[in-house]
J.: 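Take a look at the following structure, please.
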2 protein chains.
Amino acid sequence: MQDYTPAQERVLDAAAAAFSEHGFGGTSTRDIAVRAGRSPAAVYVHYRSKEDLLFAVSRRGHDAAHRAMIEASADAASPTERLGTMVHASTLWHLENARVARVVQYEYGALTEPHRGVIADLRRQTTQLIVDVIAEGDASGDFDVDDIAGTARAVLSLSIDLVRWFSPDRLDQAARIARLNVALAQRMVGADPPRSAPTIRCASR
Amino acid sequence: MQDYTPAQERVLDAAAAAFSEHGFGGTSTRDIAVRAGRSPAAVYVHYRSKEDLLFAVSRRGHDAAHRAMIEASADAASPTERLGTMVHASTLWHLENARVARVVQYEYGALTEPHRGVIADLRRQTTQLIVDVIAEGDASGDFDVDDIAGTARAVLSLSIDLVRWFSPDRLDQAARIARLNVALAQRMVGADPPRSAPTIRCASR
DNA sequence: GTCTATAGTATGATAGAC
DNA sequence: GTCTATCATACTATAGAC
C-alpha cells in the first residue's frame with residue numbers, strides 16, 4: 001500500500017467521484033479540479049496525468065477490497081465459514097464503496113499498459129483468495145465443485161456486478177444483500193445448507 | 001424492434017465497437033466515422049447525436065438478449081429446465097456479443113433521461129423473465145428460494161459480469177462457461193441436482 | 001447520402017508569478 | 001503548492017457543394 005497527503009487524497013476522491021459519474025473518457029481534468037476545490041493546474045502538482053489519477057484510484061480500491069476480504073476471513077473455522085466471510089466482506093465493500101468500485105471494475109481498459117499489469121496482479125491475488133478456499137473445501141468434502149476457477153469467478157461476480165446498478169442511497173439494504181450473497185455462494189459450491197433440515201430434503205425425493 | 005438501413009447498421013456497428021473499446025465519453029464521432037468508412041458529417045445524416053447512437057446500440061442489444069432468452073426457453077418442460085435454458089442463452093449471448101454487451105451494460109449512465117426510461121423498461125422485462133421462472137419453481141417446490149428478486153438479480157449477474165473481462169478470442173470456451181453458469185444458477189435456486197446421487201449425499205452427513 | 005470545410009467550444013497539460 | 005493565463009490540439013455538430 002501507499003500513503004497520500006491530504007492534498008493528494010482530496011484530488012483522488014474528486015477524481016474517483018468524477019470517473020464514477022462520467023467514466024474516465026467523459027471526465028475532464030477541469031471537472032476533477034473543480035470538485036477538489038482547486039485550479040486545473042493544481043491537479044498536475046500531485047499527479048502527472050489524468051491516467052495516473054485513474055491508476056491511483058484503481059490500485060487503492062483493489063487494495064482496500066482485498067484487505068477487507070482477508071481481515072474478515074481471518075478467524076473462520078471452516079471452508080464454508082471462510083467463504084461466507086469473504087463473500088460478505090466483498091459484497092459490503094462493493095456496496096459501501098460503489099462509486100470507487102465502479103471505477104475499479106469498469107475502467108481497467110483505460111489504463112496504460114504498465115499500469116494494467118500492476119492492476120492485473122492485484123486482481124489475480126483477490127481471485128486466488130476465493131480459489132484457495134473453494135479448493136480447500138472441495139478437498140475436505142465440505143464443498144462439491146467441478147470447475148474451481150470458474151466457480152470462483154462466478155462467486156466474485158455476485159459482489160462485483162452489484163456496483164453496476166447499486167446506488168448509495170440504498171445503503172440500508174446492504175446487510176440484506178450481503179447475507180443473500182453469502183447464502184448463494186455457499187449453494188454454488190455445494191456446501192451443506194447451514195440451517196435447513198437434511199432429513200426432510202432426503203425424504204422428499 | 002426496429003429496422004435499420006445498411007448504412008445505418010454500418011455506423012451502428014462502428015459505434016458499438018468504438019464505445020466498447022474507449023467508453024462513450026472516450027469515443028469521438030470522428031473515430032466512429034473512420035471505423036464506418038465515412039466522413040464525420042455522414043454520421044449525422046443517420047443519427048442526430050452521439051448519444052442517439054448510444055441509445056440505438058443499447059436498445060438493440062437489450063432486445064437481442066431478451067429475445068434470445070425467450071426463444072431458448074420456449075420448449076422447456078419444468079422450472080429447472082426453463083431457468084437452465086434462459087441462463088444458457090443469456091450467457092452465450094453475452095459471450096458472443098461481448099463488445100456490444102459491454103456498451104449495453106456499462107454505458108446506461110451516459111444516456112439522456114428520456115432514453116434511460118426506455119432502456120430501464122427493457123431491463124425490467126428481462127429481469128422479470130428470471131423472476132417469473134424462479135417464482136414458479138418456488139411455488140411448485142422445484143426450487144427453494146427466500147428472496148426471489150435478489151436471487152434473480154444474482155442469476156443475471158452470472159452472465160452479465162462475464163463481459164467485464166471476456167475477450168472474443170476465447171470464444172471456444174463459451175460453451176463450457178454457459179454450462180457452468182446453468183449448473184450454478186440451478187444450485188442458487190435450490191433445484192435438485194440433475195445427475196448426482198442423493199443417497200450418497202445424505203449418507204455422508 | 002456523401003463529401004470538404006469550418007464554426008464554436010472544450011480538452012490535457014504547461015509556464016511563470018506569488 | 002496554489003494561482004492565472006495560455007498553448008496546441010481535439011471535440012461535437014453544422015453549412016453548403018455535389
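Letters go in sequence order (proteins before strands), and every chain restarts at 1. Keep in mind it's a predicted model, so treat the numbers as computed, not measured.
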J.: Holding to salt bridge (charged side-chain N to carboxylate O under 4.0 Å, His left out), I want the full list of residues that pass it with Glu21(A), two or more places apart in sequence or in another chain.
T.: Arg35(A)
J.: Whole angstrom is fine here: how far is it from CG in Asp31(A) over to P in dA10(C)?
T.: 13 Å
J.: Please classify the nucleic acid contact of Thr27(A) as base, sugar-phosphate, or nothing, using heavy-atom distances under 4.0 Å.
T.: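 Since only primed, P, OP1 and OP2 atoms lie under 4.0 Å of Thr27(A), the category is sugar-phosphate.
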J.: Should Thr29(B) and Tyr44(B) count as side-chain neighbours, where that means a heavy-atom distance under 4.5 Å?
T.: yes
J.: Nearest whole Å is fine: how far is dT2(D) P from Tyr47(A) OH?
T.: 12 Å
J.: Between atom CG in Leu53(A) and atom P in dA13(C), what is the gap in whole Å?
T.: 10 Å
J.: Which atom pairs, donor and acceptor, lie under 3.5 Å between side-chain atoms of residues 67-76 of chain B and protein residues at least two apart or in another chain?
T.:
unit_1	atom_1	unit_2	atom_2	d
Ser73(B)	OG	Met69(B)	O	3.1
Ser73(B)	OG	Ile70(B)	O	3.2

J.: Between atom NZ in Lys50(A) and atom P in dT14(C), what is the gap in whole Å?
T.: 14 Å
J.: Once you round it to whole Å, what is the distance between P of dT11(C) and NE2 of His22(A)?
T.: 11 Å
J.: Measure the distance from OH on Tyr44(A) to P on dA13(C) and round it to the nearest whole Å.
T.: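 Nearest whole value for this atom pair: 4 Å.
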J.: Salt bridge (charged side-chain N to carboxylate O under 4.0 Å, His left out): which pairs involve residues 155-165 of chain B, sequence neighbours left out?
T.: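 Matches after skipping sequence neighbours: Asp161(B)-Arg164(B).
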J.: Taking the nucleotide of DNA chain C with the closest heavy atom to each, which residue, Val45(B) or Phe24(A), is nearer the 5' end?
T.: Val45(B)
J.: Atom pairs, N/O to N/O, protein against nucleotides 4-10 of chain D, distance under 3.5 Å?
T.:
none

J.: How close or far is atom C1' of dT2(D) from atom CD of Gln8(A), stated in whole angstroms?
T.: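 Going from CD in Gln8(A) over to C1' in dT2(D) covers 15 Å.
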J.: Whole angstrom is fine here: how far is it from CZ in Arg38(A) over to P in dG12(C)?
T.: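 Taking CZ of Arg38(A) and P of dG12(C), I get 19 Å after rounding.
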J.: Which residues pass the salt bridge (charged side-chain N to carboxylate O under 4.0 Å, His left out) test with Arg153(B), not counting sequence neighbours?
T.: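 Result, salt bridge (charged side-chain N to carboxylate O under 4.0 Å, His left out) vs Arg153(B): none returned.
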J.: Any side chain to side chain donor-acceptor pair (under 3.5 Å) pairs touching residues 131-140 of chain B, not counting sequence neighbours?
T.: Arg82(B)-Glu136(B), Gln128(B)-Asp132(B), Ser140(B)-Asp142(B)
